[in-house]
Amino acid sequence: MTTSAPAARGERDGRADGAAPARPAVLTMQQAINRALAEALAEDPRTLVFGEDVGRLGGVFRVTDGLQRRFGEDRVFDTPLAESGIVGLAVGLAMNGWRPVPELQFDGFAYPAVDQIVNQVARMHYRTRGAAPMPVTLRVPSFGGIRAPEHHGESLEALFAHVPGLKVCAPSSPAEAHQLLLQSVRADDPVVYLEPKARYWERGPVPDDGPAPPVGTSRVVRPGRHATLVAWGAMVHRCLQVARLAAEDGVELEVVDLRWLKPIDADGLAASVARTRRAVVVHEAPLTAGLGAEVAALVQERAFRSLAAPVQRVTGFDVPYPAGPLEPKYLPTVDRVLLAVQRVLEF
Amino acid sequence: MAEHTFLLPDLGEGLVEASVLAWLVAPGDTVERNQPLVEVETAKSAVEIPSPHAGTVARLHAAEGATLAVGAPLVTIDAAAGPDAAAGPGIVGTVPDEEPPARRVRLRPPPE
């Protein structure tokens, strides 16, 4: 590998104008991320994918399957089991003009890399007064829901959202996974991209690459008028389950997929609460100092006069994710979310 | 006595195979649960695999030096006691089921 990155190719969108829109492919989230990585590698020769087992094996969750064969060992490669080194490598590559997309194999293994993430990736652009941008997309298979052992299920979003200089996003569906990853890779700022492991096997339509909503926008995934459920990652699916159950009782819940956890779409939250007057935020991470507190603060700052009830939080508990069969007791259940909905409806 | 065939598990994260270095038991041996059965080597390390069951070793499915894929039969044990949960190979964790969740809480709609 040479030490400086090749020049970027020109226009990235090669689709012919006027072509009939094809029916979108139905992919799992794993396949959708794989496709986005392949498209990112194809469109820009400066893009590099690396991490533990991402090359020859194709990733523990098959997310990088076939990429090394297709793009070669110089652009998709395995690293030693040393997360600080993986992210440190990304820093040096980015300073030399490359666009690294490293993977940290599991959320719990992001902790050994926190020094590089917080002290280098997040602030290099700031430290160099703009001379050394960090177009790094850090992929982290995240959150719980697969009854994994310790260190294989963690919610890092509040930790990284708190660090100046980082953007953070978490997809909730195959289509979102594809679009958010391409958007993250194309951004010149570092993005921590948190993949919900529990939704890796979900299948859904994935439209072709195209215009994406701006960084920091949320999405209403189900409209409703009685209360807003705010979630991200796998909890969007949980909130949609709750919304379907609530509909049986005549309660229409709006579900907002936050998508970007930094920056948070405060305007989108305020607009939803202006319609529903009530909000419940649902996340897997522990309650205390979780991102739910940030959402609640933004909603009361932006939409105080709309609110008919205090914002409720339904979260994990202030303990580590329990391993194995206890995990479903930790994650927000439909009943816990429904009880919070009842509290905001009856306040 | 029930026969249990133990499949080679994923010994790391996404490892696909392992080779048998040395068997520590032979057919006919009595083994305790968690007693080391075999030493295998993966791309990451050499490890001893403990017996998931107490019982009698019925058959070994691989010779020393052989390379096995994850999920291939490793050893069959005549279990002494009731069946343990079958340990399947796979990724770290399990694929979540997509059953609709059971509910107990019913909502009262707000007055219009």
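So that the names make sense, note that chain A is the first sequence line, chain B the second, and so on, each numbered from 1.
A side-chain contact (heavy atoms from CB on, under 4.5 Å) with B:V105 holds for exactly one of A:T333, A:L339, A:D249, A:V337; it is A:L339.
Taking the side chain as every heavy atom from C-beta outward, B:P110 and A:H226 approach each other to under 4.5 Å. Within the 4.5 Å cutoff, the side chain of B:V16 has no heavy atoms near those of the A:R56 side chain.
Residue contact with chain B, scored on non-hydrogen atoms closer than 4.5 Å, involves the side chain of A:E248 exclusively. In this structure, chain A has no heavy atom under 4.5 Å from any part of B:A43. Only the side chain of A:D53 has a heavy atom closer than 4.5 Å to any heavy atom of chain B. Heavy-atom distances place no part of A:R62 under 4.5 Å from chain B, backbone and side chain included. For A:F106, the part sitting under 4.5 Å from any heavy atom of chain B is the side chain, from C-beta outward, and nothing else. Only the side chain of A:Q105 comes within less than 4.5 Å of a heavy atom of chain B; its backbone N, CA, C and O stay farther away. Of the atoms belonging to A:E252, not a single heavy atom falls under 4.5 Å from chain B. A:Q342 touches chain B through backbone and side chain together, each having a heavy atom under 4.5 Å away.
Each of A:R199, A:E327, A:R238 has some count of heavy-atom pairs under 4.5 Å with chain B, and the biggest count is that of A:R199. Among A:L245, A:L345, A:L57, the residue making the largest number of heavy-atom pairs under 4.5 Å with chain B is A:L245.
Heavy-atom neighbours of B:H61 NE2 from other residues, nucleotides or ligands within 6.0 Å: above the threshold of 12. Counted within 6.0 Å of CZ on A:R69, heavy atoms from surrounding residues, nucleotides or ligands total 12 or fewer; the atom is thus considered open. Heavy atoms from other residues, nucleotides or ligands lying under 6.0 Å from CD of A:E150 number 12 at most.
For the atom pair CZ of A:R244 and CZ of B:R103, the computed distance is 12.5 Å after rounding to the nearest 0.5 Å.
The nearest pair of heavy atoms linking A:A246 to B:L107 is CB-CD1, 3.6 Å. Summarising the geometry of B:P109 relative to A:G250, their closest heavy-atom pair is CB-O, 4.0 Å, with the distance given to 0.1 Å.
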